[in-house]
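A short write-up of the structure that comes next.
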Amino acid sequence: MDKLLIQGGNRLAGEISISGAKNAALPILCAGLLTADTVQLSNVPHLQDVATMLKLLRQMGLRVEQEGNTVALNGRAVDKLEAPYEMVKTMRAAILVLGPLVARFGEAKVSLPGGCAIGSRPVDQHIKGLQAMGAEITIEAGYIHAKAKRLKGTRVVTDMITVTGTENLLMAATLADGETVLENAAREPEVADLANLLVAMGARIDGIGSDRLVVQGVEQLHGASHAVISDRIETGTFLCAVAAAGGDVTLKNARTNILDVALDKLREAGVIITSGDNWIRVQMAARPKAVTFRTTEYPGFPTDMQAQFMALNSIAEGGSRVTETIFENRFMHVQELNRLGASIGIEGHTAIIQGVDKLVGAPVMATDLRASASLVIAALAAQGETLIDRIYHLDRGYDRMEEKLSAVGADIRRVK
Ligand code: EPU
């Protein structure tokens, strides 16, 4: 199993190019199931989760041609309408094939994902929405079986805001009979990116970027080309890395307008941020100041940045409180950060952090994707050597992170 060996203390300087967004690429790849034509994608990141999704889609009969960061999908020969447990258990986003399959083929069999390291994460809202659209759904032997002659447009109000739930129902609605209104829809930029591709494929969607998506179903969708938006969480992760380690780095292919709250928090922490259309420059020369926040749905503070900011708060001047409101168990990194010398306690859904002067390197264990990123950030700022085990979590969602960091001066190396 690969590990990361990081010698902390280096200042970071130079340029990093941001990849396409994981959480946009995954639903977008599933949209390839909605048409018999070719969907041509660019800016697709090199990630384990993308590889897993492509493997699943190939198993279903989707033709996939991949070259560098481009992927061409052709759904003419899709004939296996199933996502098996082996796939869904390694990547929950596989649930995103459910909506497209029922919509285009009238049938799907998708394994229930089960729990994961950050919480129980049920998919009841995906099911509720499809049922409202007329799908007959049974759960048997751990699988969701969905059937519908043709889905029918309707009004769906989800109990809570769900990102992949909105994406699944949105894809389903594009081919439904009549109008579907998705109320309480997720406003994440990744949902909007998917919606923009669907429109390019002939879908009729109003309200993109809002919490009310109105979809007029069409008989069929056609091929299209689309570039995946840049990854705001990867961007935020590198910003935190520079804020923690100190330095001067310009992030290219990065967008500021989808990261507002996190950027405000970094400024509050004393980080200097300047930006243009597709770049962000981050400069940090002092010790960061502690920042208090609570995670909420977009456009609030993203739960996917919580762990990275916690690493920053660990070495900040002063105390802070971080409240997680999206997932019930997303504090697995706390124990590991404390192993590096951080002073963090947990009270319910709030972590209470007292900034320390320095962290000291130690062997630590990655528990999930963003927790791994927080350990990398902490290790870059720590004195001495940190060995991070189980970095397959990191490979799921970051495109060559250690290469990008070593190019700006970090002492980071992958060991077998
Ligand atoms: N929820 C339900 N029932 C549902 C759906 C969601 O109870 O049917 C709950 C969840 O358990 C959670 C909350 O609603 O407590 C929000 O979950 P959501 O459905 O929005 O999360 P998701 O769609 O499974 C996506 C991202 C996550 C990100 C969350 C929140 C993808 C592939 N994944 O997950 O990304 O944290 O939205 O923004 O888009 C990551 O990249 O590290 C990651 C975990």
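Index from 1, following the sequence. Counting convention: from 1, in listed order, for ligands and their atoms alike. Since this is a predicted model, take the numbers as computed values, not measurements. What's counted below: heavy atoms across the whole structure, side chains too, no hydrogens, waters or symmetry copies.
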Closest non-hydrogen protein atom to atom 42 (O) of ligand 1, residue and atom name please, with distance?
Arg370 NE, 2.9 Å
Could you give the distance from CG (Leu73) to CZ (Arg58), rounded to the nearest 0.5 Å?
9.5 Å
Please confirm whether the backbone N or O of Ile353 pairs with a side-chain atom of Asn313, one donor and one acceptor, at under 3.5 Å?
no
Among all protein heavy atoms, pick out the one at the shortest distance from atom 21 (O) of ligand 1; state its residue, atom name and that distance to 0.1 Å.
Phe327 CZ, 3.9 Å
Hey, does Leu198 have a side-chain heavy atom less than 4.5 Å from the side chain of Ile205?
yes
Between Ile233 and ligand 1, which part of the residue brings a heavy atom under 4.0 Å of the ligand: side chain, backbone, both or neither?
neither
Side chain, backbone, both or neither: which part of Glu190 comes within less than 4.0 Å of ligand 1 when only heavy atoms are counted?
neither
Please verify whether a non-hydrogen atom of Arg92 lies at under 4.0 Å from ligand 1.
no
Say whether Glu188, considering both its backbone and side-chain N or O atoms, lies within less than 3.5 Å of an N or O atom on ligand 1.
no
Quick test: of every protein heavy atom, which one is nearest to atom 19 (O) of ligand 1, and how far off is it to 0.1 Å?
Thr162 OG1, 2.7 Å
Quick one: does ligand 1 sit under 4.0 Å from the side chain of Arg330, the backbone, both or neither, non-hydrogen atoms only?
side chain
Can you list the ligand 1 atoms lying under 4.0 Å from a non-hydrogen atom of Val123?
4 (C), 8 (O)
Minimum side-chain heavy-atom gap Val44-Thr70 below 4.5 Å
no
So if I count the atoms of ligand 1 from 1 in the order they appear, which ones are less than 4.0 Å from some heavy atom of Thr303?
30 (C), 36 (O), 38 (O)
Donor-acceptor pair, distance only, cut-off 3.5 Å: does the side chain of Glu347 make one with the backbone of Thr350?
no
May I have the list of side-chain donor-acceptor pairs in residues 361-368 shorter than 3.5 Å, sequence neighbours left out?
residue : atom : partner : partner atom : Å
Asp368  : OD1  : Arg370  : N            : 3.1
Asp368  : OD1  : Ala371  : N            : 3.3

Please work out whether any backbone atom (N, CA, C, O) or any side-chain heavy atom from C-beta onward of Thr164 is under 4.0 Å from ligand 1, and answer side chain, backbone, both or neither.
both
Heavy-atom contacts under 4.0 Å between Val163 and ligand 1: side chain, backbone, both, or neither?
both
Residue-level breakdown please: for Leu369 versus ligand 1, do any non-hydrogen atoms fall below 4.0 Å on the side chain, on the backbone, on both, or on neither?
side chain
Among all protein heavy atoms in this structure, tell me which lies nearest to atom 26 (C) of ligand 1, with the distance rounded to 0.1 Å.
Asn23 ND2, 3.5 Å
Check: Ser17 main-chain N/O paired with Lys404 side-chain donor or acceptor under 3.5 Å:
yes
At their closest point, which heavy atom of Pro100 faces which heavy atom of Met171, and how far apart are they?
CG-SD, 3.6 Å
Location of contacts on Gln125 toward ligand 1, heavy atoms closer than 4.0 Å:
both
Ile326 N/O to ligand 1 N/O under 3.5 Å
yes
Note: ligand 1 atoms sitting under 4.0 Å from heavy atoms of Lys22 are 40 (C), 41 (O)
For Asp231 and Lys22, indicate whether the former's side chain and the latter's backbone hold a donor-acceptor pair under 3.5 Å.
yes
Identify the protein heavy atom lying closest to atom 14 (O) of ligand 1, giving its residue, its atom name and the separation to 0.1 Å.
Met160 CG, 3.6 Å
Where ligand 1 meets His126 - atom numbers and elements under 4.0 angstrom, heavy-atom basis
8 (O)
Report yes if the side chains of Met53 and Cys30 come closer than 4.5 Å at any heavy-atom pair, otherwise no.
yes
4.0 Å heavy-atom contact, Pro122 with ligand 1:
yes
Starting from atom 36 (O) of ligand 1, find the nearest protein heavy-atom neighbour and note its residue, name and distance.
Asp304 OD1, 2.6 Å
Is any side-chain heavy atom of Phe331 less than 4.5 Å from a side-chain heavy atom of Gln306?
yes
N/O separation below 3.5 Å, Asp124 to ligand 1:
yes
Can you find a pair of side-chain heavy atoms, one from Leu251 and one from Glu234, that are under 4.5 Å apart?
no
Indicate yes or no for a side-chain donor-acceptor contact from Asn196 to the backbone of Ala192 under 3.5 Å, with no hydrogens or angles considered.
yes
Can you confirm whether the side chains of Thr237 and Gln308 place a donor and an acceptor under 3.5 Å from each other?
yes
Give the contacting part of Arg121 toward ligand 1: side chain, backbone, both or neither, where contact means a heavy-atom distance below 4.0 Å.
both
